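Here's the structure, in structure tokens; my notes come after.
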Amino acid sequence: MKTTPEHDAKIANMTFASVYPHYLTKVERKGRTKEELHQVIAWLTGYDDKKLQELVDGKATFETFFREANLNPNAHLVTGVICGYRIEEIENPLTKQVRYLDKLVDELAKGRKMEKILRQA
């Protein structure tokens with residue numbers, strides 16, 4: 001599925017700090033913890049809590065957030081539909097990475113077991 005250039009630009013310029021509280025609210029409302037959310041983010045990006053807080057405080061855009069990340073080599077195993085897009089069909093690399101994160105947060109909130117969320121080859 002193709003995203004539009006405007007859609008990709010909007011995602012690139014969105015700040016992680018503006019979305020993070022929504023991720024946290026979503027998972028906590030479903031009985032999951034901030035620590036579990038951070039574990040999922042760390043699996044995908046390699047960020048520890050300190051670096052994550054720096055990115056939030058610095059209001060890093062998603063473009064910066066993922067440019068500085070050490071993306072997990074198994075990230076490509078995150079598949080399915082999120083926000084109306086089939087992840088494996090998204091062509092723009094940054095948009096795909098943001099949707100990986102959205103999908104992982106969604107799975108966490110839906111109660112999926114952590115060992116299933118943190119995909120292994």
Side-chain angles (χ1 to χ4, degrees):
M1 175 177 279
K2 284 189 181 258
T3 55
T4 64
E6 295 80 14
H7 177 264
D8 293 333
K10 180 180 174 186
I11 286 180
N13 293 316
M14 192 179 303
T15 64
F16 176 73
S18 70
V19 178
Y20 175 78
H22 299 289
Y23 288 156
L24 186 57
T25 299
K26 182 176 188 172
V27 300
E28 287 182 337
R29 191 175 59 234
K30 298 291 187 168
R32 303 305 284 258
T33 66
K34 178 179 180 178
E35 290 74 23
E36 288 174 309
L37 174 61
H38 284 203
Q39 183 180 356
V40 166
I41 294 170
W43 176 86
L44 180 63
T45 64
Y47 293 143
D48 61 15
D49 287 352
K50 182 178 180 224
K51 179 63 176 177
L52 200 54
Q53 192 60 54
E54 286 174 15
L55 291 163
V56 169
D57 292 344
K59 299 192 181 345
T61 63
F62 271 116
E63 184 172 33
T64 301
F65 182 86
F66 280 104
R67 184 177 350 106
E68 295 180 5
N70 181 15
L71 202 66
N72 190 299
N74 287 338
H76 70 280
L77 298 174
V78 178
T79 60
V81 176
I82 190 76
C83 301
Y85 295 97
R86 180 156 288 287
I87 295 171
E88 51 272 33
E89 295 176 3
I90 297 173
E91 294 178 3
N92 180 285
L94 177 60
T95 301
K96 183 178 273 195
Q97 291 167 352
V98 172
R99 295 305 180 204
Y100 285 157
L101 181 56
D102 290 342
K103 183 71 173 176
L104 294 172
V105 171
D106 193 53
E107 289 176 354
L108 182 64
K110 287 182 175 175
R112 193 164 193 206
K113 292 183 186 306
M114 193 61 81
E115 57 266 17
K116 296 282 189 187
I117 297 170
L118 308 181
R119 285 139 170 101
Q120 303 300 317

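All of these numbers come straight from a predicted model, not from anything done at the bench. Every heavy atom of this structure was used, including side-chain atoms; hydrogens, water molecules and symmetry mates were not. Starting from 1, each residue takes its place in the sequence as its number.
Counting heavy atoms from C-beta outward, Leu118 and Gln39 have side chains that approach closer than 4.5 Å. Between Phe65 and Val98 there is no side-chain heavy-atom pair separated by less than 4.5 Å. Between Leu101 and Val105 there is a side-chain heavy-atom pair separated by less than 4.5 Å. Side chains of Glu54 and Tyr47 form no contact here, defined as non-hydrogen atoms less than 4.5 Å apart. The closest side-chain heavy-atom distance from Trp43 to Ile117 is not below 4.5 Å. Residues Tyr23 and Val40 fail the side-chain proximity criterion, which asks for heavy atoms closer than 4.5 Å. A 4.5 Å side-chain heavy-atom check between Ile87 and Val81 finds every atom pair outside the cut-off.
Using a 4.0 Å cut-off between charged nitrogen and carboxylate oxygen, Asp106 and Lys26 count as a salt-bridge pair. A salt bridge is defined here as a Lys NZ or Arg NE, NH1 or NH2 lying under 4.0 Å from an Asp or Glu carboxylate O, and Arg99 with Asp102 meets this definition.
Between the CD atom in Glu88 and the NZ atom in Lys96 there is a gap of 7.5 Å [rounded to 0.5 Å]. Residue Lys50 holds its NZ atom at 7.5 Å from CG of Asp48, rounded to the nearest 0.5 Å. Atoms CG and CG, on Leu71 and Leu44 in that order, are 5.0 Å from each other to the nearest 0.5 Å. Residue Leu94 holds its CG atom at 8.0 Å from OG1 of Thr61, rounded to the nearest 0.5 Å.
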task: Might you work through the side chain to side chain contact (heavy atoms under 4.5 Å, CB included) test for Met114 and Glu36, ending with a clear yes or no?
output: CA-CA 8 Å; Met114 193 61 81; Glu36 288 174 309; 3.6 Å; yes
Working for side chain to side chain contact (heavy atoms under 4.5 Å, CB included), residues Thr64 and Phe16: CA-CA 9 Å; Thr64 301; Phe16 176 73; over 6 Å; no
task: Check the pair Thr45 / Lys51 against side chain to side chain contact (heavy atoms under 4.5 Å, CB included), numbers first and verdict last.
output: CA-CA 10 Å; Thr45 64; Lys51 179 63 176 177; over 6 Å; no
message: Is there a ring-ring contact (aromatic ring centres under 6.0 Å, His included) between Tyr20 and His38? Walk through the geometry before answering.
response: CA-CA 10 Å; Tyr20 175 78; His38 284 203; 5.7 Å; yes
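For the salt bridge (Lys or Arg N to Asp or Glu O under 4.0 Å) with Glu107, the lone residue among Lys30, Arg119, Arg32 that qualifies is Arg119. The side chain to side chain contact (heavy atoms under 4.5 Å, CB included) with Phe62 is formed by just one residue from the set Val19, Thr15, Thr95; it is Val19.
Across every non-hydrogen atom of Leu77 and Gln120, the tightest pair is CD1-O, 3.6 Å.
In terms of hydrophobic clustering, with Ile, Leu, Val, Met, Phe, Trp and Tyr side chains grouped at heavy-atom distances under 4.5 Å, Tyr85 and Met14 are assigned to different clusters. A single hydrophobic cluster is not seen to contain both Tyr100 and Ile90; linkage of ILVMFWY side chains at heavy-atom distances under 4.5 Å, directly or through other members, places them apart.
Between the side chain of Asn13 and the backbone N or O of Ala9, at least one donor-acceptor pair lies under 3.5 Å.
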